[in-house]
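Shown next, in structure tokens, is the structure this report addresses.
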Amino acid sequence: MAFPLKPAELESGRVERVMSIGRAEFFDMLPGAVGLPLVHRGEQVSGKTWQLIAEELPALNIGLLSLPRLRVQIDFPSRDGAVMQDFMARFDRHFQRGDG
């Protein structure tokens with residue numbers, strides 16, 4: 001299930017997610033989440049209606065457990081709410097793990 005977009009996200013054309021995933025795994029999975037074609041330059045990726053920046057964050061450590069974290073910022077220059085909703089539904093569904 002995709003997270004509903006907030007009014008501020010729809011107004012700004014920017015969505016941010018903090019994800020528990022490593023950089024390499026994220027970029028390996030990304031084409032399945034956003035479709036092709038895409039242009040990948042370093043930490044920036046862009047498609048026809050969006051631009052994405054991924055930034056590694058310090059790992060989340062809980063006892064002996066260490067979870068990688070990635071802050072992902074997705075910009076939609078057109079600020080088209082329908083485009084944003086469709087894109088994020090596919091993106092969130094693709095990166096969903098387990099049952100929830």
Side-chain angles (χ1 to χ4, degrees):
M1 178 177 177
F3 295 101
L5 294 181
K6 300 172 189 161
E9 292 172 326
L10 291 167
E11 185 178 320
S12 70
R14 175 173 287 173
V15 178
E16 289 189 13
R17 297 279 191 260
V18 174
M19 304 171 68
S20 182
I21 189 169
R23 180 189 181 285
E25 183 180 6
F26 175 79
F27 284 117
D28 285 346
M29 291 179 66
L30 187 62
V34 301
L36 297 173
L38 58 85
V39 177
H40 188 177
R41 290 188 183 109
E43 303 301 306
Q44 297 182 2
V45 182
S46 60
K48 185 176 179 180
T49 61
W50 55 272
Q51 300 166 359
L52 176 149
I53 298 173
E55 173 190 5
E56 285 186 276
L57 297 174
L60 175 63
N61 296 304
I62 305 169
L64 298 176
L65 180 65
S66 181
L67 300 172
R69 291 189 311 149
L70 200 63
R71 184 179 73 78
V72 178
Q73 175 184 302
I74 306 166
D75 290 304
F76 300 89
S78 70
R79 297 183 186 173
D80 182 323
V83 169
M84 292 173 67
Q85 294 281 9
D86 289 347
F87 179 95
M88 291 310 302
R90 181 176 175 178
F91 182 90
D92 288 339
R93 190 173 39 255
H94 188 77
F95 282 104
Q96 180 178 338
R97 295 175 185 224
D99 288 333

(request) Report the C-alpha separation of Phe26 and Leu52 in whole Å, then their side-chain angles, then the decisive distance to 0.1 Å, and conclude whether the side-chain contact (heavy atoms from CB on, under 4.5 Å) test is met. (result) CA-CA 12 Å; Phe26 175 79; Leu52 176 149; 4.0 Å; yes
(request) Answer yes if Ile53 and Leu57 sit in the same cluster of Ile, Leu, Val, Met, Phe, Trp and Tyr residues linked by side chain heavy atoms under 4.5 Å apart, and no otherwise. (result) no
(request) Check whether any side-chain heavy atom of Glu55 sits under 4.5 Å from a side-chain heavy atom of Glu43, and report yes or no. (result) no
(message) Which heavy atom of Gly22 sits nearest to which heavy atom of Pro68, and what is that distance?
(response) N-CG, 3.7 Å
(request) Check the hydrophobic clustering (I, L, V, M, F, W, Y; side-chain heavy atoms under 4.5 Å; chains of links allowed) and say if Met29 and Val15 are grouped together. (result) yes
(request) Check whether any side-chain N or O of Glu9 sits under 3.5 Å from a backbone N or O of Lys6 as a donor-acceptor pair, and report yes or no. (result) yes
(message) Looking at every heavy atom in both Asn61 and Ser66, which two are closest together, and how far apart are they?
(response) OD1-OG, 2.9 Å
(request) Give a yes or no on whether the backbone of Leu70 and the side-chain of Arg17 come within a donor-acceptor separation of less than 3.5 Å. (result) no
(message) Is there a continuous path of hydrophobic side-chain contacts, each under 4.5 Å between heavy atoms, that joins Leu30 to Val18?
(response) no
(request) Determine whether Leu38 and Met88 fall in the same hydrophobic cluster, where Ile, Leu, Val, Met, Phe, Trp and Tyr are linked whenever their side-chain heavy atoms lie under 4.5 Å apart. (result) yes
(message) Determine whether a donor-acceptor pair (N or O, by modelled atom type, separation under 3.5 Å) exists between the side chain of Ser20 and the backbone of Arg69.
(response) no
(request) Could you check if a side-chain atom of Gln51 sits within less than 4.5 angstrom of a side-chain atom of Gln44, using non-hydrogen atoms only? (result) no
(request) Could you tell me whether a side-chain N or O of His40 sits under 3.5 Å from a main-chain N or O of Gly42, the two making a donor and an acceptor? (result) yes
(message) So if I apply the side chain to side chain contact (heavy atoms under 4.5 Å, CB included) rule between Trp50 and each of Val83, Asp75, Val45, which one comes out positive?
(response) Val45
(request) Assess whether atom CD of Glu11 is packed by more than 12 heavy atoms of other residues, nucleotides or ligands within 6.0 Å. (result) no
(request) Could you tell me which non-hydrogen atom of Ala33 sits nearest to which non-hydrogen atom of His94, and how far apart they are? (result) CB-CD2, 3.4 Å
(request) Evaluate the ring planes of Phe91 and Phe87, with Trp represented by its six-membered ring, and classify them as parallel (under 30°), tilted (30 to 60°) or perpendicular (over 60°). (result) parallel
